[in-house]
**Q** 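The following block contains the structure, expressed as structure tokens.
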There are 2 protein chains.
Amino acid sequence: MTNLTLKQFRYFEALARHGHFGRAAEASAISQPALSMQIKELEESLGTPLFERGARQVRLTAFGEGFAIRVREILRSVEELEDLARASRDRLTGRLRLGVIPTIAPYLLPALIGNLTRINADLDIHIRETVTPKLLTELHEGRLDTAIVALPVSEPALTEVALFSESFVLVRPDSDAGKPVPSPERLREMRLLLLEEGHCFRDQALSFCNLQSTLPRELLDGSSLSTLVQMVGAGIGVTLIPEMAVAVETRSADVAVSHFPEPQPQRTIGMIWRNSSPLAQQLTQIAGVVRQTAEVLSKRIAPV
Amino acid sequence: MTNLTLKQFRYFEALARHGHFGRAAEASAISQPALSMQIKELEESLGTPLFERGARQVRLTAFGEGFAIRVREILRSVEELEDLARASRDRLTGRLRLGVIPTIAPYLLPALIGNLTRINADLDIHIRETVTPKLLTELHEGRLDTAIVALPVSEPALTEVALFSESFVLVRPDSDAGKPVPSPERLREMRLLLLEEGHCFRDQALSFCNLQSTLPRELLDGSSLSTLVQMVGAGIGVTLIPEMAVAVETRSADVAVSHFPEPQPQRTIGMIWRNSSPLAQQLTQIAGVVRQTAEVLSKRIAPV
DNA sequence: CATCCCGATAAGCTGAAGTTATGACAAACC
DNA sequence: GGTTTGTCATAACTTCAGCTTATCGGGATG
């Protein structure tokens, strides 16, 4: 049935070009009978002759001419395919689907995207910003290539690499600026504003205070760190935010930022991907870029 | 090297579609290991993975997706090629380059082209009208597919098929209408107008009168039968024309047309093509159409 | 922990595609 | 006009790519 082969196409093209079996065979690095047989077979499976064998020259038939045009197109497409593969072999492929948790995304991404596209201009970055459980699902389903989340996730099918650690800092109303930094136990008694259910940062903050998320508490759930800080500025309570958010979130609010004494509360941020991902190598490379980006950011924040 | 094969493309496409080695193999009518190996080989020769083998499903990589789009395009092109071959296998191919001698062309072609395109609408007919020697050269050089000429041509590399015979008739000024038809010998003594050197019809007419073309004679060479008849109408001399030309050429001239007594002078018109032409079968078929066309024309002429 | 699913690997077989040698035929050349 | 030459087709043989069946191994599932 459909037993046309690219090999036949390549031989055909050579013969069409040279108009001579011997020379076409030489150009194709095979013997003349081998070429004759392949051409014959091609003609037979098409059911129509492609060449007219004259005494002293080989000519394309009218059909052969049209055939040649299309065959050349196909061969060209195949070559393009090879080029494409060669191009994307070493460099990153065109599309990178990156998931990021909301407590990282707004602070890390602007710089990160800049750095990534600087390294590889034709990298097409798709960002998905949502909470860790959703990221994990989408990662498993192949709708994401990788994600930046708080470690550990402890999923056997996923590879984790640590990127950096970040401390949590206390955000209080400006009026509390001079007061001593409360201990975790004291925090429990203050009005602590937290992110709504689902955010890992909520759990991390609660765990620092030795609180259970399920405990019936009178706390106000915000949907973003930005909201929380604004509420603190309004004197409604206090909150914790990751160090990386300080520069952005406290710029437009009357709040005081205080570090906790050692051991500071902190979390580890890492990158994860499927064990089976063929992008592993490139993702490791990307992890390096993320690490660098975060480092530069933290230095810029440190003086604050 | 460039060892991609259409087979690999077809397997790849099946796997991309099914996302499952076993089912894709079944769909491709091969065993699962055979498919695994071909895919593996394809990935290796591309140097980049196409699929991510997950625990419970096989997914295209980002590169694989782009690859799939192009592969499908290529496979579609190949299928089109097969369709094209199938379509042109039985019917005539798109282009027919037909040579015709000038003493036939204007009388036969209008009806012939109509008949040919009626049979095969998408037949692209190219006409070349010139004298036999030029037609032969172009035929040998592959610039014509076939030619309609007077037989015999006696070229070993060419196939001839007879189409029809046509008689020559005498054209005299209207004033000579009643006079007896002169014998060939008498013709020699009259002022005989002939086509210029190179036309076979000139030689055929001369041979009827037992004259040598090279003889120094006081005859006037016309470049077309139309010219000759007009000159006869002006009383300059007499001429011979093929029967087929009568209807067209004597319509607008004051001339008398007379048949010779048996044995009438006549010539055989036939079709020729290269022995090696792969169009032989179709050309034979076309010869049939020409034969029919000429028959209808001669019947229409007979009553004149 | 046992089982199942599914793809990879192993080992062997077959036929397609290549090789060299030769045939056939037409053109070109003494 | 026979001989040589150029050229493609055919024949006989060889090799390796591609297929088969059998089996392994690893991750998901109950």
Side-chain angles (χ1 to χ4, degrees), chain A residues 1-12 14-16 18-45 49-61 136-137 140-142 154-159 274-278, chain B residues 1-12 14-16 18-45 49-60 140-142 155-159 274-278:
Chain A
M1 287 308 293
T2 113
N3 42 6
L4 301 184
T5 69
L6 285 181
K7 196 175 292 195
Q8 288 174 341
F9 286 176
R10 297 201 179 98
Y11 293 167
F12 165 80
L15 183 53
H18 290 98
H20 187 285
F21 278 77
R23 284 189 280 279
E26 191 183 6
S28 306
I30 56 168
S31 66
Q32 170 264 312
L35 186 127
S36 283
M37 289 189 304
Q38 287 297 328
I39 297 293
K40 185 183 167 192
E41 196 158 324
L42 178 59
E43 289 178 325
E44 274 173 8
S45 52
L50 293 165
F51 294 96
E52 175 180 340
R53 281 88 160 154
R56 255 197 185 7
Q57 62 180 323
V58 176
R59 255 195 308 271
L60 279 169
T61 61
L136 293 182
T137 305
H140 279 300
E141 287 174 355
S154 303
E155 294 253 343
L158 297 181
T159 301
R274 292 183 297 280
N275 298 332
S276 58
S277 173
Chain B
M1 292 297 292
T2 113
N3 42 6
L4 302 184
T5 69
L6 285 180
K7 194 176 293 195
Q8 288 173 341
F9 287 175
R10 299 200 177 97
Y11 293 169
F12 165 79
L15 182 53
H18 291 98
H20 187 284
F21 278 76
R23 284 189 281 280
E26 190 182 9
S28 305
I30 57 169
S31 66
Q32 172 263 313
L35 186 126
S36 283
M37 289 190 301
Q38 287 296 329
I39 297 294
K40 185 183 166 192
E41 196 158 326
L42 177 59
E43 289 178 323
E44 274 172 9
S45 52
L50 293 166
F51 293 96
E52 175 178 339
R53 280 88 162 156
R56 272 251 179 304
Q57 65 179 321
V58 176
R59 254 194 308 271
L60 280 169
H140 280 298
E141 288 174 354
E155 294 252 345
L158 298 180
T159 300
R274 291 184 298 280
N275 298 332
S276 58
S277 174

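Within every chain, numbering begins at 1; the chains are lettered A, B, ... in the order of the sequence lines, protein sequences first and strands thereafter. These values consider heavy atoms only, across backbone and side chains, with no hydrogens, waters or symmetry-generated copies.
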**Q** Roughly, in whole Å, what's the span from CG in A:Leu35 to P in C:dA17?
**A** 13 Å

**Q** What is the per-nucleotide protein-contact pattern of nucleotides 21-30 of chain D, from the 5' end, where B denotes a base atom under 4.0 Å from a protein heavy atom, S denotes such proximity for sugar-phosphate atoms only, and - denotes neither?
**A** BB----SS--

**Q** Nearest heavy-atom pair of A:Ser45 and A:Asn3: which atoms, and what distance?
**A** CB-OD1, 3.5 Å

**Q** Considering the terminal five base pairs at each end of the helix from C:dC1-D:dG30 to C:dC30-D:dG1, what angle separates the two local helix axes, rounded to 10°?
**A**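 It comes to 20° between the two terminal axes.
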
**Q** Which heavy atom in A:Phe9 sits nearest to a heavy atom in A:Leu42, and how many Å separate them?
**A** CE2-CD1, 4.4 Å

**Q** Using the test side-chain hydrogen bond (donor to acceptor under 3.5 Å, both in side chains), find all partners of B:Gln57 that sit at least two apart in sequence or belong to another chain.
**A**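 Expected list: none.
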
**Q** Return yes when atom CD of A:Gln32 has more than 12 non-hydrogen atoms of other residues, nucleotides or ligands closer than 6.0 Å, and no otherwise.
**A**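 It does: A:Gln32 CD has more than 12 such atoms within range.
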
**Q** Grab the NZ-P distance between B:Lys7 and D:dC16 for me, whole Å please.
**A** 18 Å

**Q** Looking at C:dC6, D:dA9, C:dG18, which one has an atom nearest to any side-chain atom of A:Ser36?
**A** D:dA9

**Q** Between the side chain of A:Glu41 and the main-chain N/O of A:Gln8, is any donor-acceptor distance below 3.5 Å?
**A**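 Checked: no pair found.
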
**Q** For A:Leu42 and D:dC8, what is the distance between atoms CG and P respectively, to the nearest whole Å?
**A** 17 Å

**Q** Specify the separation, in whole Å, of atom CG of B:Asn3 and atom P of C:dG18.
**A** 14 Å

**Q** Hey, is the main chain of A:Arg274 close enough, under 3.5 Å, to the side chain of A:Thr159 for a donor-acceptor pair?
**A**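 No; judged by distance alone, with no hydrogens or angles, the pair does not exist.
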
**Q** Is there a side-chain contact between B:Glu52 and B:Val58 (heavy atoms, below 4.5 Å)?
**A** no

**Q** To the nearest Å, give me how far apart CZ (B:Arg23) and P (C:dG7) are.
**A**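 It works out to 8 Å between those atoms.
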
**Q** Rounded to the nearest angstrom, tell me the gap between atom CD in B:Glu44 and atom P in C:dT9.
**A** 9 Å

**Q** Atom CG of B:Leu15 and atom P of C:dG7: how far apart are they, to the nearest Å?
**A** 8 Å

**Q** For residues B:Ile39 and B:Arg53, determine if any side-chain heavy atom of one lies less than 4.5 Å from a side-chain heavy atom of the other.
**A**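 When only atoms from C-beta onward are counted, B:Arg53 and B:Ile39 do touch, with a gap below 4.5 Å.
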
**Q** Measure the distance from CD1 on B:Ile30 to P on C:dT14 and round it to the nearest whole Å.
**A** 19 Å

**Q** Phosphate oxygens OP1/OP2 of C:dC6: is one of them under 4.0 Å from a side-chain N or O of B:Arg53?
**A**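 No, B:Arg53 has no side-chain N/O under 4.0 Å of OP1/OP2 on C:dC6.
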
**Q** Provide the closest heavy-atom pair for A:Ala14 versus A:Ser28 in the form atom of the first, atom of the second, distance.
**A**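 Reported closest heavy-atom pair: CB-OG, 3.5 Å.
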
**Q** Of the nucleotides C:dG7, C:dA17, D:dG18, which one has an atom closest to the side chain of A:Gln38?
**A** C:dA17

**Q** Between B:Glu41 and A:Lys40, who's closer to the 5' end of DNA chain D by nearest nucleotide?
**A** A:Lys40

